[in-house]
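Working notes, structure below.
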Amino acid sequence: MYRTHTCGCLRAEDVNKTVTLAGWVQKVRNLGAMTFIDLRDRYGITQIVVEEHSSEETKATAAQLGREYVIQVIGNVLERSAKNSKMVTGDIEVAATTIRILNQAQTPPFTIEEVSDGGDDLRMKYRYLDLRRPPLQRAMILRHKMAQAIRTFLDKEGFLEIETPYLIGSTPEGARDFVVPSRMNPNQFYALPQSPQTLKQLLMVAGYDKYFQIVRCFRDEDLRADRQPEFTQIDCEMSFVEQEDILEVFERWAKHMFHTVLGMELTEPFLRMTWAEAMERYGSDKPDLRFGMEFSDVTALAQGHGFSVFDDAEYVTGFAATGCATYTRKQIDALTEFVKRPQVGAKGLIWIRMEEGGTKSSIDKFYTPEEVRAMAERCGAKTGDMVFILCGKKFKALTQLCALRLEVAEQLGLRDPKKFAPMWVIDFPMFEWDEETQRFYAMHHPFTSPKLEDAQYMESDPGRVRANAYDFVCNGTEIGGGSIRIHDAKLQAQIFKALGFTPEKAQAQFGFLMNAFKFGAPPHGGLAFGFDRLCSLFGGADSIRDYIAFPKNNNGRDVMLDAPSLIDQTQLDELCLQLVKPAEK
RNA sequence: GGUGCGCUAGUUCAGUCGGUUAGAAUACGUGCCUGUCACGCACGGGGUCAGGGGUUCGAGUCCCCUGCGCACCGCCA
């Protein structure tokens, strides 16, 4: 037996017990006649002591130990003469009678402690060492607990966890696919699923009316702090349901998660906001509702006073930054620079300072003090606030102001990771116009059903058609989304037509689904949550990488495995593949 | 595809206006030390200043190219 206890479990009541521990040497403190060893496993740290009167052999072994040596210690639990209140095991120590080196270790490239001295890149290369650190262990444990909580809830609700294949066919719509060449079918490729969307719909046709899966999905797009090429979805689908049924189940599910994982009781119903409202009030389809600073339309008040910047704009919108009247010229200039950065793209920033005696603004030459005050008050500004106004094309101005709102909130410390503001955004538009390719794309995906009352605009004004689609949003992040699907082959064909598919192309790519719909498809719908994002939300981190055991770096590389990499010529030959120099691409 | 920031000891970083032998902390090694827990003290080893090119009497420092990393925009139905 390698151990009788873990390194985190011994307490004062265990004094006088003879125990065997095994773990990694975190640190050795040699004081001459006596040596202290911090022994670590994933349960904690226990101090081992080697004393003057210990056997010569034990002392000799202790002298050989280095960081991260794997050792086994047999010894007696003692009450410490000098207790350490910072450690849960700080009242005791284990006096070693025998130390056995189970494995030696090279000096690690960074310190494996609560706070490491290593940089991101290095820690990623030696991820298995970084994972020994308590913060990473807490992240892995959180993820495990969440997965358990998900399964417990959905199982109780009657959902079945059914696996779907990873090797499926490619569909060029949407994100780029990762493809896998087929040896047995030369020149043909599988694709890894971007999501099991069509497969779960087929499960509905098959009669499994409540399905879920915690499933890996793959998208060959550029990475971000919250985007990995392979990520995990909590994928759910239900039959014989309307939007309301789905929102009801998954609102209870979300509350269950907050309760079990964070111990938070959310009793109020989640706020619901239409997409149009979210855009006008927050300039985003995923508003951060942890704080106010809502937008107001001041177009009517701003125009017609000879200020051409506003007069020439389609839309003028602003918000009151709470308590920011004290901002200095330098701070305002910095925010102006912020909105003028190419990533935001505004031309300039108008401000109104709400002081005790009156207003002061960057547009005082063009408006009377009453007119300025009217605009500020329309934005809900009070004395002590600073109003920021942007103008331009409606949705451009709104999204630019959204970037500013989040920046100001960040500076004011309002984006508190311990606070949660969950909500539903509903009534998304069905289609999104793409300037580049001059065609409509499905905003959610092409299996989403349109709202019945908007179906009349399908041909004449597709941009006006709303979908039965909804997102679960928390703290400015899209955590999940879904829709009521189309279950009618004819309607599905009509949507493909609106998206510019020829009947032949639609048949070639999605024939399997439309054919299935001819065999008695039930009304159905569902949604999927980003599991990694949910973990980082609950864990209070910005990056999902901390919650993935072996993540990819910014360039989609696994620096630990050094993947992707070249393959043998034999493998290439078997797959009928030929390499091309990058320059010839 | 694009923008910004970064790359100096095992690690995290400093390095002034371009000027002698590139520093600190930590880690590592050796010695001393009986209550440490960020142990302490002393000594020691450790550098392709990311790579290449250029400017200059002289480049870690200035310029150009390439690579790598991080964040973001595009992209992510």
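Order of the sequence lines sets the chain letters (A, B, ...), proteins ahead of strands, with each chain counted from 1.
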Sequence-distant partners of A/Asp546, salt bridge (Lys or Arg N to Asp or Glu O under 4.0 Å), two or more places apart: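 A/Asp546 satisfies salt bridge (Lys or Arg N to Asp or Glu O under 4.0 Å) with no residue once adjacent residues are dropped.
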Can you list the residues that meet the salt bridge (Lys or Arg N to Asp or Glu O under 4.0 Å) rule with A/Glu230, with sequence neighbours excluded? A/Arg216, A/Lys552
For [X] and [N], give me the distance from atom [atom1] to atom [atom2], rounded to whole Å.
{"X": "A/Met87", "N": "B/U36", "atom1": "CE", "atom2": "C1'", "value": "11 Å"}
{"X": "A/Gln194", "N": "B/C76", "atom1": "CD", "atom2": "P", "value": "10 Å"}
{"X": "A/Glu432", "N": "B/C76", "atom1": "CD", "atom2": "C1'", "value": "11 Å"}
{"X": "A/Asp177", "N": "B/C75", "atom1": "CG", "atom2": "C1'", "value": "15 Å"}
{"X": "A/Gln233", "N": "B/C76", "atom1": "CD", "atom2": "P", "value": "16 Å"}
{"X": "A/Lys286", "N": "B/C76", "atom1": "NZ", "atom2": "P", "value": "13 Å"}
{"X": "A/Lys86", "N": "B/C39", "atom1": "NZ", "atom2": "C1'", "value": "12 Å"}
{"X": "A/Ile112", "N": "B/A27", "atom1": "CD1", "atom2": "P", "value": "14 Å"}

A/Lys125 meets the side-chain contact (heavy atoms from CB on, under 4.5 Å) criterion, sequence neighbours left out, with A/Val559
Pairing residues for A/Asp562 by the side-chain contact (heavy atoms from CB on, under 4.5 Å) criterion, not counting sequence neighbours: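 Partners of A/Asp562 under the side-chain contact (heavy atoms from CB on, under 4.5 Å) test: A/Arg557.
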Pair A/Arg466, A/Asp454 - check salt bridge (charged side-chain N to carboxylate O under 4.0 Å, His left out), show working. CA-CA 6 Å; A/Arg466 289 168 305 161; A/Asp454 291 346; 2.7 Å; yes
Can you tell me, in whole Å, how much space there is between the [atom1] of [N] and that of [M]?
{"N": "B/G54", "M": "B/A14", "atom1": "C1'", "result": "28 Å"}
{"N": "B/U61", "M": "B/C76", "atom1": "P", "result": "41 Å"}
{"N": "B/G1", "M": "B/C63", "atom1": "P", "result": "26 Å"}
{"N": "B/C39", "M": "B/C32", "atom1": "C1'", "result": "14 Å"}
{"N": "B/G46", "M": "B/C28", "atom1": "C1'", "result": "9 Å"}
{"N": "B/G53", "M": "B/G67", "atom1": "C1'", "result": "14 Å"}
{"N": "B/A42", "M": "B/C5", "atom1": "P", "result": "42 Å"}
{"N": "B/A71", "M": "B/G35", "atom1": "P", "result": "47 Å"}

Under a 3.5 Å cut-off for both contacts, is [N] paired Watson-Crick or G-U wobble with anything, and if yes, with which nucleotide?
{"N": "B/A71", "value": "B/U3"}
{"N": "B/G46", "value": "none"}
{"N": "B/C41", "value": "B/G31"}
{"N": "B/U26", "value": "B/G10"}

Would you mind building the protein contact string for nucleotides 68-74 of chain B? One character per nucleotide, 5' to 3', B for base within reach (heavy atoms under 4.0 Å), S for sugar-phosphate only, - for untouched. -SBBBBB
Between protein and nucleotides 29-35 of chain B, map the contacts as a letter string: B base, S sugar-phosphate only, - none, heavy atoms under 4.0 Å, written 5' to 3'. ----BBB
Would you call A/Glu68 and A/Arg132 a salt bridge, using N to O less than 4.0 angstrom? yes
A/Lys200/A/Asp235 salt bridge by N-O under 4.0 Å criterion: yes
Write down the protein N/O and nucleotide N/O pairs, taken from nucleotides 5-10 of chain B, whose separation is under 3.5 Å; answer none if there are no such pairs.
none

Return no unless some side-chain N or O of [X] is found under 4.0 Å from OP1 or OP2 of [N].
{"X": "A/Arg219", "N": "B/C75", "value": "no"}
{"X": "A/Arg29", "N": "B/U36", "value": "no"}
{"X": "A/Lys27", "N": "B/C39", "value": "yes"}

So, is the end of the A/Arg439 side chain (NZ or CZ) under 6.0 Å from the ring centre of A/Tyr441 and within 45° of the ring's axis?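 Positive - A/Arg439 is close enough to the ring of A/Tyr441 and near enough to its axis.
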For A/Lys125, which contact category applies under a 4.0 Å heavy-atom criterion: base, sugar-phosphate, or nothing?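 If one applies the 4.0 Å heavy-atom cut-off, A/Lys125 turns out to touch nothing in the nucleic acid.
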side-chain hydrogen bond (donor to acceptor under 3.5 Å, both in side chains) involving [X] - partner list, sequence neighbours excluded:
{"X": "A/Asn76", "value": "A/Thr18"}
{"X": "A/Arg11", "value": "none"}
{"X": "A/Asp427", "value": "A/Lys451"}
{"X": "A/Trp275", "value": "none"}

Over 60° means perpendicular and under 30° means parallel, so classify the ring planes of A/Phe529 and A/Phe250, tilted if in between.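 Rings of A/Phe250 and A/Phe529: tilted, 30 to 60°.
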Going by the salt bridge (Lys or Arg N to Asp or Glu O under 4.0 Å) test, which pairs reach into residues 482-508 of chain A, not counting sequence neighbours? A/Glu237-A/Arg485
Kindly point out which of B/C76, B/A77, B/C37 is positioned nearest to the side chain of A/Pro446? B/A77
